[in-house]
Amino acid sequence: MASSYIARMIRASKLEPALYEEVEADRNGNVQAAGVVVLASVAAGIGSIYHAGGQGFILAAIGALIGWFIWAALVYFIGAKMMPEPQTDASIAQLLRTTGFSSAPGIVRVVGIVPGIGFIFMWIGNIWMLVAMIIAVRQALDYKSTWRAIGVCFLGWVVEMVIIFVIGGIAGGAGVFTPQAHTIM
């Protein structure tokens with residue numbers, strides 16, 4: 001099981017559309033997908049220690065987890081309900097699984113802890129995850145158009161950032177709800 005889990009993470013990082021179709025259909029893949037998000041979130045937390053200290057680790061890890069869930073839910077609502085293509089047939093669970101695996105490239109963000117070059121790996125991880133997210137969304141929502149998937153991801157991200165700013169303002173800037181804590185982009 002561990003070898004197939006790691007193989008799935010590698011395939012997700014290789015941006016294989018077939019992997020995203022596979023995890024979309026795997027009703028037992030929810031725990032695996034959440035595990036990928038946790039690993040990528042911890043990697044982001046470790047990667048941010050050099051710049052943000054121990055508190056940065058906790059905030060980055062929690063922020064990435066919360067951000068994944070909010071973004072996936074928004075993408076589901078926008079992509080499956082507001083902007084579906086005729087063949088779109090998806091559930092929130094399918095989006096959580098595919099977008100969860102799209103976090104796999106984010107594990108590279110652990111290298112963010114290296115002084116001087118770490119920020120490069122943080123950006124590489126974030127961009128790589130964004131590309132994986134677009135592929136995951138295209139596959140989960142059965143889109144023929146990659147541009148539609150890009151638009152849905154972008155709209156979801158914008159709405160998520162607004163939500164995070166509002167919650168951060170209400171919570172008095174409680175850290176976890178600040179854009180710096182959400183390190184996916």
**Study point:** Heavy-atom donor-acceptor pair, Arg97 side chain to Glu24 backbone, under 3.5 Å
**Key:** yes
Exercise for review: Would you confirm whether Asn126, through its side chain, and Met122, through its main-chain N or O, come within 3.5 Å as a donor-acceptor pair?
Suggested key: yes
Point to revise | Test side chain to side chain contact (heavy atoms under 4.5 Å, CB included) applied to Ala90 - qualifying residues, sequence neighbours left out | key: Gln94, Leu95, Leu141
Point to revise | Cation-pi geometry met for Arg148 and Tyr143 (6.0 Å, 45°) | key: yes
Check your understanding: Are a donor atom and an acceptor atom from the side chains of Trp68 and Thr99 found within less than 3.5 Å of each other?
Key -> yes
Revision key, fill the gap. Closest non-hydrogen atoms of Ala12 and Leu19, given as atom of the first, atom of the second and distance, are CB-CD1, 3.6 Å
Practice item. Side-chain contact test, heavy atoms from C-beta onward, threshold under 4.5 Å: evaluate it for Glu16 versus Ile135 and give yes or no. Key: no
Point to revise | Straight-line distance of Ile150 CD1 to Ile134 CD1, nearest 0.5 Å | key: 4.5 Å
Check your understanding: Between Glu22 and Arg8, is any pair of side-chain heavy atoms under 4.5 Å apart?
Key -> yes
Exercise for review: Give me the one residue out of Met133, Lys14, Met129 that meets side-chain contact (heavy atoms from CB on, under 4.5 Å) with Pro105.
Suggested key: Met129
Point to revise | Heavy-atom check, side chain of Ser145 versus side chain of Arg138, under 4.5 Å | key: no
**Study point:** Val31-Val38 co-clustered via ILVMFWY side chain contacts under 4.5 Å
**Key:** no
Revision key, fill the gap. By side chain to side chain contact (heavy atoms under 4.5 Å, CB included), Phe69 pairs with (sequence neighbours left out) Leu96
Study note, to complete from the structure: Heavy-atom nearest pair, Tyr20 first then Ala132, reads OH-CB, 3.5 Å
Check your understanding: Between Ile127 and Leu130, is any pair of side-chain heavy atoms under 4.5 Å apart?
Key -> no
